[in-house]
Chemist: 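Quick one: this structure, given as structure tokens, is what I'll be asking you about.
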Amino acid sequence: MAKGFGGRMGGMGGGINMNMIKQAQKMQQDMMRMQEELQQKEYTAAAGGGVVTATVDGKRELKNLVIDPEAVDPEDVEMLQDLIVAAVNEASRAAEADAAASMQKMTGGLNLPF
């Protein structure tokens, strides 16, 4: 065994600290749990003063769409389509913002590439 390694794995001064490994494993477990929790959440948004309401889950999949009969005008289908798109997009943005906020909280503000 070579001298000067002080019981650390690796050489050239880049030893692995077992405490760091445990911390990384705990962070990975916490992140997996957080992702599972986020996928279970639902996010709802409305458009057109509430005549169209969309609900998406944490995976950004549309789960529910409610259209007030007042919003249905056969002469203006385009408006209804726009309201649906707006409600779904807003609910998806809410899901994304929640995921980003949870990740920020989890990583303590570190800008990690996940």
Chemist: Which pair of non-hydrogen atoms, one from A99 and one from L38, has the smallest distance, and what is that distance?
Modeler: CA-CD1, 3.7 Å
Chemist: May I ask you to test the K105-M34 pair for a side-chain heavy-atom distance under 4.5 Å?
Modeler: no
Chemist: I'd like to check I67 versus V51 (side-chain heavy atoms, cut-off strictly below 4.5 Å). Are they in contact?
Modeler: no
Chemist: Hey, could you give me the CZ/CD distance between R33 and E37, rounded to the nearest 0.5 Å?
Modeler: 7.0 Å
Chemist: Side chain to side chain contact (heavy atoms under 4.5 Å, CB included) with V52: which of V85, L80, D68?
Modeler: L80
Chemist: Would you sort out whether E96 and R60 count as a salt bridge (charged side-chain N to carboxylate O under 4.0 Å, His left out), showing the intermediate values?
Modeler: CA-CA 8 Å; E96 181 65 32; R60 283 39 149 228; 2.5 Å; yes
Chemist: What heavy-atom pair brings L83 and A47 nearest, and what distance separates the two atoms?
Modeler: O-CB, 3.5 Å
Chemist: Answer whether the closest heavy-atom distance between the side chains of N64 and V66 falls below 4.5 Å.
Modeler: yes
Chemist: Just grab all the side-chain hydrogen bond (donor to acceptor under 3.5 Å, both in side chains) pairs involving residues 48-58, residues at least two apart or on different chains.
Modeler: T44-T55
Chemist: Which atoms form the tightest heavy-atom contact between P74 and V72, and what is the distance?
Modeler: CD-O, 3.9 Å
Chemist: Report yes if some heavy atom in the side chain of M27 is under 4.5 Å from a heavy atom in the side chain of D30; otherwise report no.
Modeler: no
Chemist: Might you point out which heavy atoms bring A54 and A91 nearest each other, and give the distance in Å?
Modeler: O-CB, 3.8 Å
Chemist: What distance do D82 atom CG and D76 atom CG have between them, rounded to the nearest 0.5 Å?
Modeler: 8.5 Å
Chemist: Report the residues that fulfil side chain to side chain donor-acceptor pair (under 3.5 Å) with D98, sequence neighbours left out, ordered by chain and then residue number.
Modeler: K41, Y43
Chemist: Between R93 and E90, does the salt bridge (charged side-chain N to carboxylate O under 4.0 Å, His left out) criterion hold? Intermediate values first, please.
Modeler: CA-CA 5 Å; R93 280 191 288 274; E90 185 58 32; 3.1 Å; yes
